[in-house]
Amino acid sequence: MVTTPPIGELRVTVRPIRVFDDPVLRSVAAPVQDFDRELRRLVKSLTATMRAGSGRAGLAAPQIGEPVRVVVYSYDGKSGHLVNPRLELSQRRVTADEACLSAPGVWWPLERSYMVTARGRDMFGKPVTVRALGMLARVLQHEADHLDGVLFSDHLDAGDRERFLAEALPAV
């Protein structure tokens with residue numbers, strides 16, 4: 001863990017990302033009840049951890065061992081966070097390569113909705129709505145899956161899943 005100088009009143013910590021075979025990634029995350037200082041610290045640590053490496057577009061709290069419903073995202077100039085997100089998916093679907101920070105270096109084609117509307121709260125409890133297309137929509141779907149204990153390989157057919165896991169697990 002790396003602790004950075006305080007940002008405002010909160011000390012921010014870059015946390016290790018849990019790997020694909022960690023049981024916490026298979027747990028359903030609990031809804032956030034308290035919009036307090038600890039939640040703000042978690043959002044800031046998630047954001048710092050996401051930004052600590054190149055090519056990172058999103059991160060969910062379970063990926064750093066926190067089993068609560070919080071995600072952060074940053075892609076193509078849009079960044080933020082969602083607490084207790086709910087997604088509305090478009091019927092239009094597209095296939096594109098997808099990766100996961102919990103299985104570094106492994107990409108796989110996956111079909112997802114092209115557009116999402118994500119509703120949740122910010123770290124202060126205020127309502128937030130994010131409308132996203134393309135890759136940002138994919139990022140939000142991927143991170144929301146983590147909150148339900150779903151890994152993106154779960155969306156693959158059996159043969160692709162087996163090949164993906166053979167490639168991913170030695171890497172983690």
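Any value given below was found using the heavy atoms of this structure, including those in side chains, with hydrogens, waters and symmetry copies removed. One-based numbering along the sequence shown.
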- Cluster check V106, L110: I/L/V/M/F/W/Y, side chain < 4.5 angstrom: yes
- Query: Between P109 and L156, which heavy-atom pair has the shortest distance, and what is it?
  - Reply: O-CD2, 3.7 Å
- Message: Do D145 and R112 have side chains that approach each other closer than 4.5 Å (heavy atoms only, starting at C-beta)?
- Response: yes
- Item | Check: P85 and L147 side chains under 4.5 Å, non-hydrogen atoms | yes
- Query: Taking R121 for the side chain and F35 for the main chain, is one N or O donor matched with an acceptor at less than 3.5 Å?
  - Reply: no
- Task: State, yes or no, whether a side-chain contact exists between L151 and R26 at a heavy-atom distance under 4.5 Å.
- Result: yes
- So T47 and R51, side-chain contact (heavy atoms from CB on, under 4.5 Å) or not? Walk me through it. CA-CA 6 Å; T47 302; R51 292 183 175 158; 3.6 Å; yes
Only distances under 3.5 Å count here; give the side-chain donor-acceptor pairs of residues 70-77 to other protein atoms, sequence neighbours excluded, each with its distance to 0.1 Å.
none

- Item | Linked hydrophobic residues, W107 as query - side chain contacts closer than 4.5 Å | none
- SB check R69 D148 (cutoff 4.0 Å): yes
- Are there more than 12 heavy atoms of other residues, nucleotides or ligands under 6.0 Å from atom CD of E162? no
- Message: Applying the side-chain contact (heavy atoms from CB on, under 4.5 Å) criterion to V83, which one of V32, V68, L42, V128 satisfies it?
- Response: V32
- Rounded to the nearest 0.5 angstrom, the OG-CD distance for S45 and E38 is 9.5 Å
- Item | Contacts of D122 that satisfy side-chain hydrogen bond (donor to acceptor under 3.5 Å, both in side chains) - sequence neighbours left out | none
- Closest heavy-atom pair and its distance - A99, H142: O-CE1, 3.3 Å
- Can you name the closest pair of heavy atoms from H81 and M123 and give their distance? NE2-N, 2.8 Å
- Item | Test item: W108 and S153 side chains (from C-beta on) under 4.5 Å apart, heavy atoms | no
- If you look at every heavy atom in L136 and A132, which pair is closest and at what distance? CG-CB, 3.7 Å
- Query: Can you check whether S102 reaches L25 side chain to side chain, under 4.5 Å on heavy atoms?
  - Reply: yes
- Query: What class does the angle between the rings of F164 and F152 fall in, given that below 30° is parallel, 30 to 60° is tilted and above 60° is perpendicular?
  - Reply: perpendicular
- CG-CD1 distance between D22 and I17, expressed to the nearest 0.5 angstrom: 12.0 Å
- Query: When clusters are formed by joining ILVMFWY residues with side-chain heavy atoms under 4.5 Å apart, either directly or through shared neighbours, do V24 and L46 land in the same one?
  - Reply: no
- Message: Contact between Y114 and R93 at the side-chain level, heavy atoms closer than 4.5 Å - yes or no?
- Response: no
- Verify same cluster id: V94, L133 (apolar side-chain graph, 4.5 Å): yes
- Query: Any sub-3.5 Å donor-acceptor pair from Q141's side-chain atoms to A137's backbone N or O?
  - Reply: yes
- Task: To the nearest 0.5 Å, tell me how far M115 CE sits from E88 CD.
- Result: 9.5 Å
- Query: At their closest point, which heavy atom of R56 faces which heavy atom of A52, and how far apart are they?
  - Reply: NH1-CB, 4.0 Å
- Can you measure from NE2 (H155) to CG (D160) and round to the nearest 0.5 angstrom? 13.5 Å
- Item | Value rounded to 0.5 Å, distance of CD in E143 from CZ in R138 | 12.5 Å
- Message: Using modelled atom types and a 3.5 Å cut-off, is there a donor and acceptor pairing between side-chain atoms of Q63 and backbone atoms of R18?
- Response: no
- Message: I'd like to check R131 versus R119 (side-chain heavy atoms, cut-off strictly below 4.5 Å). Are they in contact?
- Response: yes
- Query: So do the side chains of Q91 and S113 get within less than 4.5 Å of each other, counting heavy atoms only?
  - Reply: no
- Message: With clusters defined by side-chain heavy atoms of hydrophobic residues (ILVMFWY) lying less than 4.5 Å apart, directly or transitively, does V130 cluster with F124?
- Response: no
- Message: Taking L39 as the starting point, is it possible to reach V12 by hopping between hydrophobic residues whose side chains are less than 4.5 Å apart?
- Response: no
- Note on the structure: Tightest non-hydrogen contact, residues A118 and L140, listed as CB-CD1, 4.3 Å
